[in-house]
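This is a predicted model, so every value here is computed, not measured.
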Amino acid sequence: MTKVQIIGLLMYRTNMRVEQWAKKKGFTMSTVYRVISGQLTKGTSTERVRTEISADVRKDEAEIWPNTAITQ
């Protein structure tokens, strides 16, 4: 999925802006945007953000980030 699709789906499923969602989950807004855009690809915070997003949008992580599933 593209970053616009991920952001749109997250906003649609949670009925919150990304900034609100990040604050509710305990992430910084910049970390969430960097994970979504693919600038932040490794680390525990990346995995936590991806897991939380996939749970909240009710999609598999491999479906949202297909390129990262292949490289891991």
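Residue Ser45 comes nearest to Leu40 through the heavy atom pair OG-CD2, 4.3 Å, listed as atom of the first residue, atom of the second, then distance. The two residues Ser54 and Asp60 have their closest heavy-atom pair at CB-C, 4.4 Å. Of all heavy-atom pairs between Val49 and Trp21, the closest is O-CH2, 4.3 Å.
Rounding to the nearest 0.5 angstrom, the gap separating the CG atom in Leu10 from the CD atom in Glu52 is 10.5 Å. Residue Gln20 holds its CD atom at 9.0 Å from CG of Asn15, rounded to the nearest 0.5 Å. Taken to the nearest 0.5 Å, the CH2 atom of Trp65 stands 10.0 Å off from the OG1 atom of Thr46.
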| said: One pair to check against side-chain contact (heavy atoms from CB on, under 4.5 Å): Met16 and Met11. What are the steps and the verdict? | reply: CA-CA 5 Å; Met16 289 185 258; Met11 290 172 62; over 6 Å; no

| said: Run the side-chain contact (heavy atoms from CB on, under 4.5 Å) test on Leu9 and Lys59 for me, step by step, so that the C-alpha distance in whole Å, both residues' side-chain angles and the decisive distance to 0.1 Å come before the verdict. | reply: CA-CA 10 Å; Leu9 185 60; Lys59 287 197 177 280; 3.7 Å; yes

| Verdict with reasoning, Val35 to Arg50, per side-chain contact (heavy atoms from CB on, under 4.5 Å) | CA-CA 8 Å; Val35 170; Arg50 287 182 179 165; 3.8 Å; yes

| Does the pair Lys3 and Ile36 meet the rule for a side-chain contact (heavy atoms from CB on, under 4.5 Å), with working shown? | CA-CA 6 Å; Lys3 57 186 164 186; Ile36 290 173; 3.6 Å; yes

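Just one of Met29, Lys23, Lys24, Lys25 meets the side-chain contact (heavy atoms from CB on, under 4.5 Å) condition when paired with Phe27; it is Lys25.
Thr41 places no side-chain N or O within 3.5 Å of a backbone atom of Gly38 that could act as its donor or acceptor partner. Without hydrogens or angle criteria, Glu47 side chain to Thr44 main chain gives no donor-acceptor distance under 3.5 Å. With Gln5 contributing its side chain and Thr2 its backbone, the two residues share a donor-acceptor pair below 3.5 Å.
By the 4.5 Å heavy-atom criterion applied to side chains, Asp56 and Ile53 are not counted as neighbours.
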